[in-house]
Participant: 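Attaching a single structure in structure tokens format; questions to follow.
Source: prediction; values computed, not measured. Below, chains carry the letters A, B, ... as their sequence lines are ordered, and counting in each starts from 1. For the numbers below, each heavy atom of this structure counts, side chains included, while hydrogens, waters and symmetry mates do not.
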Amino acid sequence: MSGFNIVWVGLSVGALVFASYFSVPKGPNQTTIRTSVILAIICCYLMWAITYLAQLHPLIKPKRSHPV
Amino acid sequence: MAYSSLFRSEEMSLIQLYIPQETAPYTVAELGELGLIQFRDLNPDVNAFQRAYVKEIRRLDEMERRLRFFAAQMPKSDIEIVGDATGARARSATEIDELEEKIKEHERHITQMNDSYEELQKRYLELTEARHVLQETAEFFEEAVSRQDNIRNSFDEPTAPLLEHQDLEQGEPIAFSNLNLGFVTGVISRAKMQTFERILWRALRGNLYLKYAEIDEPITDPETDEVLEKNVFIIFAHGRELINKIRKISESLGATLYKVDDNPDQRKKSLKEITDQIEDHNSVLTNTKNARKSELVNIAEDLLVWMTIVKKEKAIYHNMNLFIYDSNRKCLIAEGWCPTNDLDQIRQTLKAATDMLGSTVPSILNELPTTKEPPTFQRTNKFTVGFQEIVDAYGVARYREVNPGLFTIITFPFLFAVMFGDCGHGVLVFLAALYFIIREKSLDKPGKDEILEMFFGGRYIILLMGLFSIYTGLIYNDMFSRTLILFPSGFVWPLNQTGQIEARQVGVYHFGIDPAWHGTDNYLLFTNSYKMKMSIILGVIQMSFGIILTIYNYTYFKKRISIYTEFIPQMLFMQCIFGYLVFTIIYKWSIDWYEKDSEGNAIHNSPPGLLNMLIYMFLQPGTVAESDKLYSGQGIVQATLLIISLICVPWMLFVKPFILRREYKKIRTQGYHNPQTDATRISTDEDNEYGGAVVAEEMLEIEEFDFGEIMVHQVIHTIEFCLGCISNTASYLRLWALSLAHAQLSVVLWDMTLKPTLDMKGIFGIIAFIIALTLWFCLTIGILLLMEGLSAFLHALRLHWVEFNNKFYEGTGRKFEPFSFEKLLKEE
């Protein structure tokens with residue numbers, strides 16, 4: 001239950017981005033593949049991080065009037 | 001040679017080709033197969049009818065017409081045009097001559113056969129009708145003979161009212177003695193029979209005796225190919241005049257009259273004759289038909305190849321019409337754009353063409369330096385082409401401008417998926433796209449349904465849309481509106497409590513939205529706030545990214561000044577207001593507002609509303625009420641940010657125009673003037689018959705410096721940007737609205753169809769379940785996937801076209817359209 005998870009995951013995603021930048025093979029499509037992979041990773045990370053952060057200290061908690 | 005990428009359009013070169021006249025058609029054909037050059041029109045003043053190769057094109061047009069005529073003949077004889085024309089290359093002049101002769105010959109044969117076939121058919125029709133007339137009238141005559149007595153009797157009767165009337169009118173004595181009953185026989189279409197009868201009755205005042213019989217077999221009209229139903233009729237009347245009148249009326253109504261002898265023996269004889277003739281005709285007809293068919297079958301084998309050849313030849317001459325002829329060197333001069341990376345390939349093709357023809361004079365390729373803006377060429381493959389088309393539909397990039405197509409590959413499906421987040425729906429979309437991709441080869445044929453074509457063209461976009469929808473569905477924890485429990489929930493429900501119960505937080509769900517939220521009373525309250533804030537964050541990030549991309553344009557186009565006068569103030573303006581909003585969203589999330597210190601007192605005030613914060617940042621700069629405080633020193637920070645963003649406005653507005661004016665004045669004081677505009681580049685010899693300036697290029701006109709115009713432009717640009725920042729950020733809220741709508745719609749669908757049947761028991765329950773399942777599935781496909789998918793697609797499209805592209809993309813270029821046979825044939 002720590003917001004630092006976002007940072008740790010962020011760092012590993014950063015490492016992943018770094019790795020994918022160099023692991024894309026040379027060729028006519030290098031730029032396309034590189035950009036797409038990195039953008040995809042960033043988009044997915046962003047969405048996860050936002051969702052995680054939104055639930056870190058929720059202002060409201062789930063309420064229900066009927067049994068689970 | 002550097003690889004080209006989607007980031008910027010391909011580098012282009014203006015090239016000039018000298019092609020010896022005798023090898024020109026072949027060389028141009030090879031260049032067409034290569035498909036890398038877009039030829040420029042070097043005779044813009046010459047109209048289409050006065051160009052060099054109009055005659056050839058006319059001839060090929062004629063050939064094409066003949067080929068289309070053949071193609072039109074095929075279905076009449078049930079012949080399918082098959083064959084593979086991919087290998088068909090353009091031919092040499094003599095081969096084209098031969099082909100033309102061949103096609104002409106074929107056409108002559110076919111028209112001849114068509115004519116004689118039609119003639120025969122007409123005759124055949126007449127004979128058939130005559131036969132029917134003879135057959136049917138035989139009966140009438142027999143009847144008529146027995147009736148004659150009756151008629152005579154009725155004439156004898158003086159009180160016969162009809163005849164009395166007739167007497168009075170015509171005042172003519174009726175020739176009883178030689179009852180010379182004439183008759184008319186013929187055939188008329190059944191539809192006209194009633195009219196015919198009525199008209200005759202009126203015209204002859206009932207003074208006739210009409211009999212008709214239907215012909216059983218339908219009769220085909222050889223001219224219109226229509227199948228008609230016809231009747232045989234026979235009309236008895238007396239008097240030559242009446243008979244003539246009947247004849248005229250029948251003919252005017254389209255009846256065909258056939259002479260029938262009143263002698264029964266004669267009739268029998270002619271019937272036999274006609275039957276024989278029909279048989280003869282039949283065999284001739286079959287023969288003609290077969291001959292025509294075999295001729296057409298012969299043609300069908302080569303038709304596609306011929307068509308392709310003719311089309312290619314036509315394209316070659318159309319392009320050669322763009323060239324100019326140098327009479328001194330006996331060569332054609334062409335100019336055109338081609339990708340710089342492919343220059344070598346073009347050189348090789350030219351050389352191969354020269355070698356192939358054994359010509360001693362080689363074609364020459366020159367690169368021309370130019371100030372003209374080249375066309376934009378994005379080298380796409382089958383994966384990227386769909387995404388590039390999305391961008392091109394908005395506007396084709398300027399030459400070498402940063403191309404948003406590269407980023408659209410990911411951001412488009414991602415933003416789509418934010419609105420379409422449901423992993424079940426994502427899987428269905430993904431599978432549909434996968435089907436198209438697996439069957440790519442067999443589906444990639446022309447002649448598909450238009451809608452299918454659209455889905456097929458966007459198959460890779462749809463694939464990524466599906467994949468991202470699966471991901472966002474997992475984040476939203478929605479699968480067909482159900483929830484997945486992949487990790488231990490971060491909430492614990494209290495036991496043994498009645499009434500409304502509230503969960504207690506024990507942790508944070510690792511991935512996506514906690515399943516504990518599913519089906520709770522305040523689920524919507526939570527997702528509402530979460531999705532709204534997320535759309536703002538994503539929007540601000542994407543727009544900031546767009547602003548950053550302007551740097552690449554400014555540095556590439558050597559407009560470094562714009563970085564300081566446009567990029568920096570824009571970025572500051574954006575970040576001071578909306579970047580700060582994003583910061584406060586994240587800050588508010590990361591604080592535990594209900595945290596208590598060791599004595600049990602609340603550390604923080606109650607969580608402040610961010611909307612009010614933003615409003616009061618403008619209304620009461622510098623002051624923040626104690627109860628609305630996010631952090632200490634907030635007032636000063638907000639005031640500073642506000643001041644910075646306010647400074648940015650005049651910065652954007654005035655700095656650039658004034659710097660430009662100063663520079664212009666500096667140049668003027670140094671004594672420089674606009675360069676001479678008559679500096680033409682002469683590509684051909686001076687003694688050229690066109691006066692040497694044939695390929696001269698108009699120099700780019702240096703624009704006169706107009707401070708007022710630049711200022712107005714800058715004012716518009718600044719206002720657009722500042723207002724745009726606000727409205728565009730608000731525009732990203734569509735992500736929130738659409739994703740909530742999608743989630744709610746799928747919940748409603750589930751609750752209305754499947755949910756009630758899940759509790760049913762027994763055989764009835766099973767049946768109800770199956771019906772509900774079908775209904776649910778069909779509605780899921782129809783409404784949630786197709787309709788919702790389309791709406792999410794359009795909204796994602798808008799976010800890219802407007803919100804993202806307008807930050808950096810001009811899109812004022814023109815597309816590179818090379819002369820390519822492949823493209824030409826595909827367009828057909």
Side-chain angles (χ1 to χ4, degrees), chain A, chain B residues 3-7 379 381 383-384 406-407 409-411 414-415 418 464 467-468 471-472 475-476 490-491 493 499-514 516-523 525-526 529-530 533-534 537-538 541 586 588-595 607:
Chain A
M1 190 176 154
S2 159
F4 284 109
N5 282 346
I6 294 171
V7 180
W8 306 140
V9 175
L11 286 178
S12 35
V13 162
L16 197 63
V17 165
F18 199 69
S20 57
Y21 183 86
F22 289 105
S23 62
V24 173
K26 271 214 161 87
N29 295 318
Q30 192 185 26
T31 314
T32 310
I33 298 172
R34 216 179 236 173
T35 316
S36 303
V37 169
I38 291 172
L39 263 180
I41 293 173
I42 289 173
C43 286
C44 290
Y45 168 71
L46 257 180
M47 186 125 177
W48 171 83
I50 289 168
T51 314
Y52 192 87
L53 196 62
Q55 297 180 96
L56 195 56
H57 303 293
L59 296 179
I60 52 167
K61 297 183 177 72
K63 278 182 193 165
R64 66 194 323 155
S65 39
H66 48 88
V68 184
Chain B
Y3 285 119
S4 56
S5 76
L6 265 189
F7 185 57
R379 209 181 282 266
N381 52 31
F383 176 75
T384 52
L406 177 62
F407 312 106
I409 295 172
I410 295 301
T411 54
F414 177 69
L415 287 189
V418 169
L464 285 191
L467 278 180
F468 275 106
Y471 180 79
T472 52
I475 289 277
Y476 292 155
F491 292 101
W493 291 101
Q500 196 179 51
I501 51 173
E502 188 178 37
R504 191 165 49 83
Q505 193 182 20
V506 293
V508 183
Y509 194 62
H510 295 317
F511 187 82
I513 289 181
D514 200 313
W517 283 105
H518 187 80
T520 53
D521 298 344
N522 51 2
Y523 175 65
L525 214 61
F526 170 71
S529 134
Y530 152 71
K533 286 169 181 167
M534 182 168 67
I537 296 175
L538 294 178
I541 291 175
I586 292 173
K588 191 180 162 190
W589 270 340
S590 54
I591 297 294
D592 184 0
W593 291 94
Y594 300 120
E595 201 184 353

Participant: Please look at B:Leu538 and chain A and tell me whether the side chain, the backbone, both or neither of the residue comes under 4.5 angstrom of a heavy atom of that chain.
Facilitator: side chain

Participant: Quick one, A:Cys43 and B:Tyr471 - any side-chain contact, counting heavy atoms below 4.5 Å?
Facilitator: no

Participant: To the nearest 0.5 Å, how far apart are CD1 in A:Ile6 and OG in B:Ser590?
Facilitator: 8.5 Å

Participant: Hey, can you pull the donor-acceptor pairs under 3.5 Å for the side chains in residues 22-29 of chain A, sequence neighbours left out?
Facilitator:
from    : atom 1 : to       : atom 2 : distance (Å)
A:Ser23 : OG     : A:Ala19  : O      : 3.1
A:Ser23 : OG     : A:Ser20  : O      : 3.4
A:Asn29 : OD1    : B:Asn381 : ND2    : 3.4

Participant: With a 4.5 angstrom heavy-atom cut-off, which part of A:Leu46 approaches chain B: side chain, backbone, both or neither?
Facilitator: side chain

Participant: Who among B:Ile475, B:Leu525, B:Ile586, B:Ile541 has the most heavy-atom pairs with chain A under 4.5 Å?
Facilitator: B:Ile475

Participant: Measure the spacing between OG1 of B:Thr411 and CD1 of A:Ile42 and express it to the nearest 0.5 Å.
Facilitator: 12.0 Å

Participant: For a 4.5 angstrom cut-off between non-hydrogen side-chain atoms, does A:Met47 reach B:Tyr476?
Facilitator: yes

Participant: Which is it for B:Tyr594 and A:Leu59 under the side chain to side chain contact (heavy atoms under 4.5 Å, CB included) test, yes or no, and what are the steps along the way?
Facilitator: CA-CA 8 Å; B:Tyr594 300 120; A:Leu59 296 179; 4.2 Å; yes

Participant: Report which part of B:Phe468 has an atom under 4.5 Å of a heavy atom belonging to chain A: side chain, backbone, both, or neither.
Facilitator: side chain

Participant: Within the 4.5 Å heavy-atom criterion, are A:Arg64 and B:Thr520 side-chain neighbours or not?
Facilitator: yes

Participant: For B:Ile513, is it the side chain, the backbone, both, or neither that has a heavy atom closer than 4.5 Å to a heavy atom of chain A?
Facilitator: both

Participant: Check the pair A:Thr31, B:Leu6 against side chain to side chain contact (heavy atoms under 4.5 Å, CB included), reporting the backbone distance first and the verdict last.
Facilitator: CA-CA 7 Å; A:Thr31 314; B:Leu6 265 189; over 6 Å; no

Participant: Under the 3.5 angstrom rule, does the side chain of A:Trp48 hit a backbone N or O of B:His510 as a donor-acceptor pair?
Facilitator: yes

Participant: If you apply the rule side chain to side chain contact (heavy atoms under 4.5 Å, CB included), what do you find for B:Trp589 with A:Ile50, and how did you get there?
Facilitator: CA-CA 9 Å; B:Trp589 270 340; A:Ile50 289 168; 3.6 Å; yes

Participant: Measuring heavy-atom distances to chain A, does B:Thr384 have an atom under 4.5 Å in its side chain, in its backbone, in both, or in neither?
Facilitator: side chain

Participant: Counting heavy atoms not belonging to A:Phe18, are there more than 12 under 6.0 Å from its CZ?
Facilitator: no

Participant: Against chain A, label B:Lys533 side chain, backbone, both or neither, depending on which of its atoms sit under 4.5 Å from a heavy atom there.
Facilitator: neither

Participant: For B:Trp517 and A:Lys61, work out which heavy atoms get closest and say how close.
Facilitator: CH2-C, 3.7 Å

Participant: Ignoring hydrogens and angles, tell me if any N or O in the side chain of B:Tyr530 forms a donor-acceptor pair with the backbone of A:Ala54 under 3.5 Å.
Facilitator: no

Participant: Test B:Ile409 against A:Thr35 for side chain to side chain contact (heavy atoms under 4.5 Å, CB included), laying out the working first.
Facilitator: CA-CA 9 Å; B:Ile409 295 172; A:Thr35 316; over 6 Å; no

Participant: Quick one: does any side-chain atom of A:Gln30 pair with a main-chain N or O of B:Ser5 as donor and acceptor, under 3.5 Å?
Facilitator: no

Participant: Is there a donor-acceptor pair closer than 3.5 Å between any side-chain N or O of A:Gln55 and the backbone N or O of B:Asp514?
Facilitator: yes

Participant: Would you mind telling me which of A:Cys44, A:Pro58, A:Ala40 has the largest number of heavy-atom pairs within less than 4.5 Å of chain B?
Facilitator: A:Cys44

Participant: Would you say that B:Phe526 contacts A:Pro62 through its side chain, given a criterion of any heavy-atom pair below 4.5 Å between the two side chains?
Facilitator: no

